[in-house]
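Structure, as structure tokens:
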Amino acid sequence: MNNNEKMAELLLPSIDKTPDYYENLYPARELKEGARVTRIAPSPTGYLHLGTLFAALVNRITATSSGGIFYTRIEDTDKKREIEGGIADIIDGLGRFGITIDEGFTGADEQYGNYGPYKQSQRAEIYQTYVKELIRQGLAYPCFCTAEELDKVRKIQEDRKIRTGYHGEWAKHRNITFEEAKKLIDEGKTYVVRLKSPGSEENTVVFDDCIKGKIEMPENDEDFVILKSDGIPTYHFAHAVDDHLMRTTHVLRGDEWISSVPKHIQLFKLLGFKPPKYGHIAPIMKLDGGAKRKISKRKDPEAAVHFFAEEGYDSQSVIEYLMTVAASDFEDWRKANPDKSYKDFKFNLKKMSVSGALFDSDKLNNVSKTVVSSFDSACVYDKLTKWAKEFDPEFCAVLTENPEYTRAVLSIDRDVPKPRKDIAKWNEAKDYFSYFFDSLYKKDFSLPENVSSADAKLFLQKYKEVYDPSDDRQLWFDKIKAIAPEIGFASETKEYKAEPDKFKGHAGDLSTVLRIAVTGRRNTPDLCSIMRVLGKERCISRIDDALNSL
RNA sequence: GGCCCGGUGGUCAAGAGGCCUAAGACACCGCCCUUUCACGGCGGUAACACGAGUUCGAAUCUCGUCCGGGUCACCA
């Protein structure tokens with residue numbers, strides 16, 4: 001045994017497998033030419049974040065459109081930051097947004113597939129096998145520096161204004177001998193394993209990013225940590241081993257990773273792996289004061305995807321919005337294919353924005369109105385009551401008290417060829433539909449400026465006499481038109497516009513009076529339909545109420 | 001500070017040396033349609049960060065300046 005081999009045995013005595021074992025265990029995937037294998041590798045340190053959802057979407061659609069595989073892997077190598085229920089929240093969250101998972105974690109405790117386990121804490125032995133091999137080849141070594149020592153070194157480097165980090169002559173244990181290591185271990189000292197980087201800052205590494213294009217950076221010369229003192233690898237090392245063994249073809253991740261690519265490429269090379277294609281996704285930004293910054297879990301409510309559920313955005317709306325952010329040509333496609341699933345869109349990573357886009361809630365609302373307008377009333381009933389049940393139980397009780405009635409309310413101007421685009425999120429619904437429910441109804445009889453209270457009363461009086469709930473839309477309005485001239489209003493808007501001085505207003509103003517009397521507001525969907533749903537009794541009583549109050 | 005990346009209307013963006021007198025979408029404004037509102041249709045305000053250079057010609061290529069973002073852990 002040479003010294004490297006002795007070192008390997010000293011540090012990882014219990015590892016008895018070799019990389020070959022795993023290479024055979026996880027053979028190349030049999031997929032058709034061009035199929036892309038992608039993944040999302042969240043760490044369960046918090047709840048599902050907008051950025052994670054966005055990355056998942058991009059990975060998902062990249063796999064889908066190439067006939068490939070999209071899988072999930074849990075990166076739980078940092079036990080200190082892990083939170084309870086984190087995995088479930090992330091995986092279930094993706095499910096709620098319709099992101100299907102082909103392989104890997106499909107639930108908090110469920111994993112599926114031939115390339116597992118898909119949780120890094122269950123893969124310690126695999127990583128250690130590869131670390132052992134690196135040590136054997138003299139490409140990794142133990143480092144016994146404490147955090148304090150490392151701090152001190154960095155201070156010195158800062159003072160001397162030289163590049164900080166554990167590299168070159170600053171790599172204290174780079175050439176540690178077997179005997180020295182053994183002595184320190186026998187003394188009970190803890191250590192990490194570092195890569196013995198053969199790189200030099202003088203060299204440049206070039207890679208072609210699927211999203212950002214060609215990027216050049218200095219080669220990595222830092223002896224970064226690959227195995228932490230607890231025997232668990234760092235992200236960098238786990239990424240190389242996992243994405244190789246799981247046969248990932250495209251690593252599409254947040255662009256905060258871009259600066260570590262030289263490390264990763266070096267690792268792949270040293271381990272004898274073929275590097276995947278990288279694509280670095282620009283973050284979704286937010287305006288804070290005057291400054292643009294990455295949307296943050298801690299500061300921004302909309303960073304946690306849960307926020308959208310609370311607001312009552314349909315998951316489709318959020319996905320649709322995210323697609324417009326992901327692909328600059330998506331909106332044109334959508335216009336041409338209004339009824340297709342976004343999954344049929346030919347997604348091209350090259351069309352992705354290179355720099356971060358500001359989160360635009362106006363745009364989200366606009367997109368969402370279109371999405372919601374495509375739902376029929378039965379669908380809206382289900383979605384709305386489901387939302388209300390969780391976030392506004394009182395409203396839910398009101399909605400479900402008489403389901404047939406609520407369905408009729410929801411179908412107004414909806415189950416028609418050109419449905420209204422008026423609701424973006426369910427938390428707007430309570431106010432929007434309030435006048436249909438006596439317990440929520442708030443009367444407000446403020447009249448338009450050109451209608452006197454006397455004329456309004458006169459009109460309502462006359463209208464009551466001819467009101468018939470069975471009238472169709474045409475007849476309904478004809479009756480209002482018929483009354484108009486009797487109180488000095490024009491029957492036709494054109495008439496009024498032609499000679500405004502001859503009239504007090506037009507029939508439209510009178511319909512507004514009726515609208516105010518019946519619904520307490522000036523703007524509503526089609527009043528005739530509303531009155532029909534409201535029923536004669538309620539309409540008459542509200543008109544009477546208005547008559548008394550005006 | 002070092003290293004990366006990026007700067008086109010308020011926002012998202014098309015744009016690959018002449019097709020740019022710079023698309024489209026959201027927001028905003030006006031008009032039309034109209035029982036109100038919304039939808040829809042038509043129109044409008046509004047942008048190539050700055051300075052040099054290359055070129056017959058630059059939003060597009062080069063350099064510099066400025067500004068913004070990311071990253072420099074036993075975190076991912």
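Proteins get letters first, then strands, A, B, ... in listed order; numbering begins at 1 in each. Hydrogens, waters and symmetry mates are skipped; everything else that's a heavy atom, side chains included, is used.
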Taking only side-chain nitrogens and oxygens of [X], does any of them come within less than 4.0 Å of OP1 or OP2 of [N]?
X        : N     : answer
A/Ser328 : B/A14 : yes
A/Lys294 : B/G68 : no
A/Lys421 : B/C26 : no
A/Arg194 : B/C74 : yes
A/Lys228 : B/C75 : yes
A/Asn523 : B/A38 : no
A/Lys79  : B/A76 : no
A/Ser353 : B/A13 : yes

Euclidean distance, atom [atom1] of residue [X] to atom [atom2] of [N] [Å, nearest integer]:
X        : N     : atom1 : atom2 : answer
A/Arg293 : B/C5  : CZ    : C1'   : 20 Å
A/Asp332 : B/G24 : CG    : C1'   : 6 Å
A/Ile284 : B/U11 : CD1   : P     : 17 Å
A/Lys350 : B/A16 : NZ    : P     : 16 Å
A/Phe459 : B/U35 : CZ    : C1'   : 10 Å
A/Leu364 : B/A27 : CG    : C1'   : 14 Å
A/Ile211 : B/C4  : CD1   : C1'   : 16 Å
A/Asp78  : B/A73 : CG    : P     : 15 Å

Position toward the 5' end of RNA chain B (nearest nucleotide), A/Met352 or A/Lys363: A/Met352
Contact nearer the 5' end of RNA chain B, comparing A/Ala41 with A/Ser511: A/Ser511
Mind checking if [X] touches a base, just sugar-phosphate, or nothing, with heavy atoms under 4.0 Å?
X        : answer
A/Glu222 : nothing
A/Arg521 : nothing
A/Pro419 : nothing
A/Lys351 : sugar-phosphate
A/Thr524 : base

When you compare [N] with [M], how far apart are their [atom1] atoms, in angstrom units rounded to a whole number?
N     : M     : atom1 : answer
B/A59 : B/A47 : P     : 15 Å
B/A49 : B/G6  : P     : 14 Å
B/C31 : B/C19 : C1'   : 32 Å
B/C42 : B/C33 : C1'   : 11 Å
B/A16 : B/U60 : P     : 12 Å
B/C12 : B/G7  : C1'   : 15 Å
B/G30 : B/U35 : C1'   : 23 Å
B/U71 : B/A76 : P     : 15 Å

Cation-pi, A/Tyr166 ring and A/Lys172 (6.0 angstrom, 45 degrees): no
Cation-aromatic face contact A/Arg542/A/Tyr441, 6.0 Å, 45 degrees: yes
Look at the side chain of [X] and the base of [N], then say whether one donor and one acceptor between them are separated by less than 3.5 Å.
X        : N     : value
A/Arg515 : B/U35 : yes
A/Asp526 : B/U35 : yes
A/Ser229 : B/C74 : yes
A/Arg522 : B/C37 : no

Atom CZ of A/Phe445 with >12 non-hydrogen neighbours under 6.0 angstrom: yes
Could you work out which one of [options] sits closest to the side chain of [X]?
X        : options             : answer
A/Met285 : B/U71, B/U36, B/G69 : B/G69
A/Thr234 : B/C74, B/U35, B/C3  : B/C74
A/Pro218 : B/A27, B/U11, B/C4  : B/C4
A/Asp360 : B/C26, B/A76, B/U35 : B/C26
A/Thr164 : B/C72, B/U35, B/C33 : B/C72
A/Arg420 : B/C75, B/A13, B/A38 : B/A38
A/Ala357 : B/C3, B/A76, B/A13  : B/A13

Candidate list A/Ile215, A/Asn220, A/Leu267, A/Asp221, test side-chain contact (heavy atoms from CB on, under 4.5 Å), partner A/Pro262, passing option: A/Asn220
Matching residue for A/His280 among A/Val261, A/Leu252, A/Val354 - test: side-chain contact (heavy atoms from CB on, under 4.5 Å): A/Val261
Salt bridge (charged side-chain N to carboxylate O under 4.0 Å, His left out) assessment of A/Glu320 paired with A/Arg334: CA-CA 9 Å; A/Glu320 194 78 7; A/Arg334 174 51 85 207; 2.5 Å; yes
A/Lys212 and A/Asp255 ion-paired at < 4.0 Å: yes
Heavy-atom closest pair, residues A/Pro448 and A/Ile516: CD-CD1, 3.9 Å
